[in-house]
Amino acid sequence: HTFTRILRDTDVKGVPAAVQGGDRALLHGAVEVYCSAYLSRSLTKLTDAVTSLFAAQGDRRNSSTSPAGAAEVAKMLEKMREELEAVSSDDRLCGLVAKGLSKSLFLLAEKTEYQMATGPDARQVAGGCNLQQQRNLHLCITLQEVQHNISEVLPHIPSTAADSIKPSLTKLSEVVTECLQPLLRAAGDRIESFLVKMHEEDFGSERNTVSSSNGSSKYMEEMLSVVAMFQKEFVTRLTPHGAVDMTGPFQLAAGLLRELACRIIEGFVRHAALLRPVSENGKLRLAKDMAELELSVGQNVFPVDQLGATYRALRAFRPLLFLETAQVPTSPLRQELPVSVVLHHLYTRAPAELVSPHVRAGLTATQYSLWLDQHTETEIRRGIRGTLAAYAQNAKAAHKEISPVHNIMLDLIDSAAN
């Protein structure tokens, strides 16, 4: 820092510089022992600031002791900023201090990872948020706050110093993701377990077969209850400032909630497309279910209008239900939906002899949904083409007329392949 100031203060036109050529390297070498002592002291300050967060917990995994509060986290962040600001005018020294800061952030990630509870209790979503989960979510909030605050400092320090810190910030994100993903995956599994119950209800009758108290389909009423409980017990702890925000300090958690919201809506569209048969009354029920799903996911998980293609697919599927079959191939709604969704829906307009792919394969709707997750659109269309070929062969053998739906579906597959 002193050398930089000397160079700056003696930079006078026509006057030889106070430090010339290799002199600066020699001067650095002369004070290297003091520099090393300074860096050692800086690293000690940074690591002490990190370890102080965990002093009360004694480094015990699954501990019931409350993790560090906001004041302790703020104190640690202030110490980190102070160490960087003290050397911000000297690129070389700032880069060396930044390496120490990076080490302390890796230490924070390591200690937090060790503190986090694992196992079935840390992933359960059937009941309320238990103490282990509350602790995990608090630790995730802390890591995100640290990552956000340090990230805001990076543009104001030399790029080499910033590059030294970035890998440790990535590690903080990885620890948060590794903790939250199993929990949100379990939530998605539980919610989907209620979605698939739509296949147990009668959407083919023209009579009103709704048995829930508010006029909703029974599976939807149950699923909305699960989503509301998840929001109350978990989402509120993931977003301590209230609204889910993709630009604030908790954008990593928000991104994972966005993935969950997409999974719920995509799962609904998928299973609704597989329903068979669907009467006009059944279509009206599905439309009502869609509206309630959209409202619930938007209020309890993630704003649906920020879900892009997933939200557009939900909005497109509703009017698709009410199109005449002959209108489907040329409808602009098709552009917002995967071809496989449109094809699956068309089975409900076909004769019973055109067997749905999962029925032909002897799979339940849940098993077929898992199969769809593991295969590409091309592979899905290939399976659908197989049912069309089998239907056409049987119809010809029985001297029956082939349904127009068959030809529409075949044209859609051919056009998607081109």
Side-chain angles (χ1 to χ4, degrees), residues 57 60-68 108-148 170-196 222-246 248-268 293 296-304 307 310 366 369-370 373:
Q57 289 83 53
R60 297 193 302 277
R61 187 187 291 267
N62 299 321
S63 170
S64 60
T65 310
S66 298
L108 174 64
E110 179 185 340
K111 284 184 169 292
T112 303
E113 197 168 21
Y114 186 77
Q115 286 277 312
M116 285 178 169
T118 58
D121 287 345
R123 298 189 300 271
Q124 72 81 31
V125 289
C129 186
N130 61 42
L131 290 177
Q132 290 183 358
Q133 291 173 320
Q134 291 178 34
R135 180 182 180 79
N136 279 1
L137 296 181
H138 185 97
L139 290 169
C140 286
I141 292 298
T142 297
L143 290 193
Q144 289 177 96
E145 287 181 323
V146 172
Q147 184 200 42
H148 180 74
T170 300
K171 179 60 179 178
L172 296 182
S173 296
E174 290 173 354
V175 173
V176 173
T177 301
E178 288 170 5
C179 176
L180 295 183
Q181 270 187 338
L183 176 67
L184 296 180
R185 192 178 299 118
D189 290 344
R190 178 164 172 77
I191 292 168
E192 187 169 0
S193 72
F194 287 91
L195 272 180
V196 298
E222 293 175 345
M223 195 207 72
L224 296 182
S225 175
V226 171
V227 172
M229 186 278 290
F230 179 74
Q231 190 276 339
K232 178 183 177 182
E233 293 292 326
F234 296 94
V235 177
T236 53
R237 290 183 168 90
L238 279 172
T239 55
H241 295 169
V244 179
D245 185 5
M246 287 293 289
F250 310 113
Q251 56 186 282
L252 181 56
L256 294 172
L257 287 171
R258 185 184 189 279
E259 291 179 9
L260 175 61
C262 285
R263 178 181 174 183
I264 295 169
I265 289 177
E266 289 167 4
F268 175 86
L293 176 78
S296 177
V297 172
Q299 290 180 342
N300 296 314
V301 185
F302 192 88
V304 291
L307 296 181
T310 297
T366 302
S369 182
L370 291 172
D373 287 335

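Here the structure is a predicted model, which means the values were calculated and not measured.
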Can you name the closest pair of heavy atoms from [X] and [Y] and give their distance?
| X | Y | value |
| --- | --- | --- |
| Gly298 | Val304 | N-CG1, 3.7 Å |
| Cys140 | Met116 | SG-CE, 3.7 Å |
| Phe234 | Gly127 | CE1-O, 4.1 Å |
| Leu195 | Gly267 | CD1-C, 3.9 Å |

Check: residues 182-190 side-chain donor-acceptor pairs under 3.5 Å, at least two apart:
{"from": "Asp189", "atom 1": "OD1", "to": "Arg263", "atom 2": "NH1", "distance (Å)": "3.2"}
{"from": "Asp189", "atom 1": "OD1", "to": "Arg263", "atom 2": "NH2", "distance (Å)": "2.5"}

Note to self: Strictly distance-based, threshold 3.5 Å: is any side-chain N or O of Asn136 a donor or acceptor partner for the main-chain N or O of Ala117?
What the structure shows: yes

In chain order, what residues pass the side chain to side chain contact (heavy atoms under 4.5 Å, CB included) check against [X], with sequence neighbours excluded?
| X | result |
| --- | --- |
| Thr366 | Val196, Thr364 |
| Glu266 | Cys262, Thr310 |
| Asp121 | Asn130, Gln132 |

Note to self: According to ring pair (Phe, Tyr, Trp, His ring centres under 6.0 Å), who are the partners of Phe268, at least two apart in sequence or on a separate chain?
What the structure shows: none

Side-chain heavy-atom pair [X], [Y] within 4.5 angstrom cut-off:
| X | Y | result |
| --- | --- | --- |
| Leu252 | Leu172 | no |
| Leu260 | Phe302 | no |
| Leu139 | Val176 | no |
| Met223 | Ser296 | no |
| Leu180 | Leu238 | yes |
| Val301 | Val235 | no |

Margin query: Counting only heavy atoms from other residues, nucleotides and ligands, does the tally under 6.0 Å from CD of Gln181 exceed 12?
Written below: yes

Check: Can you pull the side-chain hydrogen bond (donor to acceptor under 3.5 Å, both in side chains) pairs that have at least one residue in residues 170-180, sequence neighbours excluded?
Finding: Gln147-Ser173

Only distances under 3.5 Å count here; give the side-chain donor-acceptor pairs of residues 226-233 to other protein atoms, sequence neighbours excluded, each with its distance to 0.1 Å.
{"from": "Glu233", "atom 1": "OE1", "to": "Cys129", "atom 2": "N", "distance (Å)": "3.0"}

